[in-house]
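Written out below as structure tokens is the structure these notes cover.
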Amino acid sequence: MKKIACIFLIFALITAFIPGCEPKNKSGAQELKSKQSVMNEYGWEVPEETIEITYYGGKDNPEWVKRSTERIHKYIFEKFNVRINKIVYDAEMDEILNLMLASGDYPEVIAGMYPDDAALWVKLGKAIELSPYIEEYGQNIKNKMGKYLDRLRDENGNLYMLAVEWGMLPIADYAVQLRWDWYKEIGSPEFSTPDEYYEVLKKMTEKHPLNMNGEKVYALGVYKNSNIIRTLGGVWGLKDGWKEDEDHNLTFWTNTQEGLEMAKYLNRFYREGLMDPDSFVNTYDDWCAKCINERYAGFIGSWWVTGTNGHEAWQKIKGPEWNDDMRFVHFSIKAPDAETAYTNPKNTLGWGRTIITDKCEQPANIVKWWNFEISDLGNKLISWGIPNEEYSAWNYDGESWSWNEKQKSTIINQEYFDWETFYMLGSTAYWMVMGKGYNSDGTSVWFDQNFREESKWFKFRDENLKDTIFDFSEYYAIVYSPDDPITIKKQQVDNIINSEFAKAVMAKTEKECEKIFMDLREKVNKMGLGDIEDFVTGEYKENMEAWN
């Protein structure tokens, strides 16, 4: 009953907050109307009539979004005469999108959709074709996106969507990690294989069996959806859970010997009492609390979560007791039979898709704004937030820009950084079609990643992991259509894996672990995993051929 009430409330909010729009003019790109336009210090032609852009930005905390966009909203309105209204709900995006389709009430822009959802809206005729607008008003989009723009076109060459966070940076996202000061205490033994990593973590927990509160310390602990298969699979030579042969055929990890070895490896931690038994039920917040309370010697997954809940949190909590070695650091390990550790796959087409819907009256205005968004100055403003303040990332005098040296120094030295105050300046709050590649001056959208060569810890991370980074865009571009039987099979397979893999890892013996894993393999193959593998391989090869 609660869920029904919640859905009706969300439906009511949608109809209350999304302004009605007349269908757009179908005749093609429209002229931007501006009687007396003025060029501002960012190179933006300020229109006499206010441009208003309302967009749905997915799942987020509405109160947080309201707070973090309040100042950037005012700044952009005053400087650009553009009002940006971002709508979010604390509910899954696909649920909200379905409600929007059912009601017919949705805004003129939807940003950050999953590719599958964007494809559905295109199929239903809810997204407009962008080519004529980009041709006339999107020179920066054309120049910067280049080949990525063409990869977003359909088989007829039409362009109905742009990407969010497209492009590529040589930054490692995932790694096996360990706590540096504890590692030094045991003599910093070298390790390069999974077994050696295991032995190192075991020695660290023997040295630190309990935290300051008398709670058990684990060698490893993860949380639901923490990408452990992506990272650990990479150690065994799998690409985000897929084994690729020399003919580019892809096999899912549950059908590989490598997948079995991964399960047995984690089971070893569990059987030895070295793995947090709540790893597969921990929420992210649960895991964060344990990490902050120093209950983990190691971690397998994203680098930033241990930073946020490791040295950044410890500096604030411990004060003078904190030292620079109290942090998690990142290493590359490889299974002996693996040729390469593929722990850092990259998706050059980004994680989301953005469309202009058929509700929009002035698509040209939106494309013009997007064109500014990914310009060099637009990239800085929309990614780093408002300049010239105490907690700003940067300063800008209307002609030239510079770093805020105090903020830069804090990042380089990895001292405590007040991220919440920083985000109140609008950093990343209004991303709609932002890319993550380099600007012409060598800067990137992530403020803290602009000093990788100057920060010894970032340099240490990227040097260790440089050989694990690879482009896997041809795989990530595969779309699962909602009405395709393959999509249903995939969901069924995912559901089985989510429950059965945890059981294999937490088996009481290695023999039992192997039996549960083999039963899991049989179940997913009966569900049609072979068909999914054929589909994925076919789409993957098509993308490889199309993209040359």
Does NZ or CZ of [X] come closer than 6.0 Å to the centre of the six-membered ring of [Y], within 45° of the ring's axis?
{"X": "Arg83", "Y": "Phe77", "result": "yes"}
{"X": "Lys368", "Y": "Tyr137", "result": "no"}
{"X": "Lys380", "Y": "Trp401", "result": "yes"}
{"X": "Lys359", "Y": "Tyr106", "result": "yes"}

Check ion pair [X]-[Y] (N to O, under 4.0 angstrom):
{"X": "Arg153", "Y": "Asp150", "value": "yes"}
{"X": "Lys541", "Y": "Glu474", "value": "no"}
{"X": "Lys408", "Y": "Glu454", "value": "yes"}
{"X": "Asp173", "Y": "Lys346", "value": "yes"}
{"X": "Glu135", "Y": "Lys142", "value": "yes"}
{"X": "Asp116", "Y": "Lys490", "value": "no"}
{"X": "Glu463", "Y": "Lys466", "value": "yes"}
{"X": "Asp117", "Y": "Arg353", "value": "no"}
{"X": "Asp467", "Y": "Lys334", "value": "no"}
{"X": "Arg67", "Y": "Glu420", "value": "yes"}
{"X": "Lys459", "Y": "Asp462", "value": "no"}

Taking the side chain from [X] and the backbone from [Y], do they hold a donor-acceptor pair closer than 3.5 Å?
{"X": "Glu373", "Y": "Trp431", "value": "no"}
{"X": "Glu108", "Y": "Glu361", "value": "no"}
{"X": "Thr537", "Y": "Leu250", "value": "yes"}
{"X": "Gln315", "Y": "Gln414", "value": "yes"}
{"X": "Thr410", "Y": "Lys406", "value": "yes"}
{"X": "Thr354", "Y": "Leu162", "value": "no"}
{"X": "Asn344", "Y": "Tyr174", "value": "yes"}
{"X": "Asp154", "Y": "Leu159", "value": "no"}
{"X": "Asn464", "Y": "Ser332", "value": "no"}
{"X": "Thr306", "Y": "Trp303", "value": "yes"}

Is any side-chain heavy atom of [X] less than 4.5 Å from a side-chain heavy atom of [Y]?
{"X": "Trp403", "Y": "Phe451", "result": "yes"}
{"X": "Ile51", "Y": "Ile366", "result": "no"}
{"X": "Leu169", "Y": "Tyr438", "result": "yes"}
{"X": "Tyr430", "Y": "Ile76", "result": "yes"}

Starting at [atom1] of [X], measure out to [atom2] of [Y] and round the result to the nearest 0.5 Å.
{"X": "Met168", "Y": "Phe470", "atom1": "CE", "atom2": "CZ", "value": "9.0 Å"}
{"X": "Thr357", "Y": "Tyr56", "atom1": "OG1", "atom2": "OH", "value": "14.0 Å"}
{"X": "Asp484", "Y": "Ile488", "atom1": "CG", "atom2": "CD1", "value": "8.5 Å"}
{"X": "Asn388", "Y": "Leu425", "atom1": "CG", "atom2": "CG", "value": "10.5 Å"}
{"X": "Ser68", "Y": "Glu63", "atom1": "OG", "atom2": "CD", "value": "10.0 Å"}
{"X": "Ile300", "Y": "Ile228", "atom1": "CD1", "atom2": "CD1", "value": "4.5 Å"}

Take atom [atom1] in [X]; do more than 12 heavy atoms of anything else shown fall under 6.0 Å from it?
{"X": "Asn548", "atom1": "CG", "answer": "no"}
{"X": "Tyr114", "atom1": "OH", "answer": "no"}
{"X": "Glu545", "atom1": "CD", "answer": "no"}
{"X": "Lys243", "atom1": "NZ", "answer": "no"}
{"X": "Glu70", "atom1": "CD", "answer": "no"}
{"X": "Asn225", "atom1": "CG", "answer": "no"}

Could you go through Trp370 and Phe372, starting from their C-alpha distance and side-chain angles, then the distance that decides it, and tell me whether this counts as ring-ring contact (aromatic ring centres under 6.0 Å, His included)?
CA-CA 5 Å; Trp370 288 350; Phe372 168 74; over 10 Å; no
Parallel under 30°, tilted from 30 to 60°, perpendicular over 60°: which one fits the rings of Trp394 and Tyr42?
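It falls in the perpendicular class, over 60°.
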Candidate list Phe417, Tyr391, Trp384, Tyr416, test ring-ring contact (aromatic ring centres under 6.0 Å, His included), partner Phe422, passing option:
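Result for ring-ring contact (aromatic ring centres under 6.0 Å, His included) with Phe422: Phe417.
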Could you please spell out the steps behind the ring-ring contact (aromatic ring centres under 6.0 Å, His included) verdict for Tyr540 and Tyr475?
CA-CA 5 Å; Tyr540 181 64; Tyr475 165 74; 7.1 Å; no
Any chance you could lay out the side-chain hydrogen bond (donor to acceptor under 3.5 Å, both in side chains) test for Thr443 and Asp441, step after step, and finish with the verdict?
CA-CA 6 Å; Thr443 59; Asp441 57 8; 2.7 Å; yes
Going by the side chain to side chain donor-acceptor pair (under 3.5 Å) test, name the single residue among Asn347, Asp240, Asp471, Asn543 that passes it with Tyr476.
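The passing option is Asp240.
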Applying the side chain to side chain donor-acceptor pair (under 3.5 Å) test to Lys144, which of Asp376, Asn371, Asn379 qualifies?
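For Lys144, the side chain to side chain donor-acceptor pair (under 3.5 Å) test succeeds with only one of Asp376, Asn371, Asn379, which is Asp376.
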Take Arg461 and His330 through the side-chain hydrogen bond (donor to acceptor under 3.5 Å, both in side chains) test and state the conclusion after the steps.
CA-CA 5 Å; Arg461 177 200 67 192; His330 318 87; 5.4 Å; no
Would you please test Trp242 and Phe472 for ring-ring contact (aromatic ring centres under 6.0 Å, His included) and show each step?
CA-CA 11 Å; Trp242 292 87; Phe472 204 31; 8.5 Å; no
Using the rule given for ring-ring contact (aromatic ring centres under 6.0 Å, His included), can you reason through Phe80 versus Tyr75, listing the C-alpha separation, both sets of side-chain angles and the distance that settles it, and then say yes or no?
CA-CA 8 Å; Phe80 296 81; Tyr75 186 91; 7.1 Å; no
Go through the steps to decide whether Lys79 and Glu41 satisfy the test salt bridge (charged side-chain N to carboxylate O under 4.0 Å, His left out), and finish with yes or no.
CA-CA 9 Å; Lys79 295 277 188 180; Glu41 66 264 42; 2.7 Å; yes
Trace of the side-chain hydrogen bond (donor to acceptor under 3.5 Å, both in side chains) decision for Asn85 with Glu52:
CA-CA 8 Å; Asn85 308 308; Glu52 189 145 356; 2.9 Å; yes
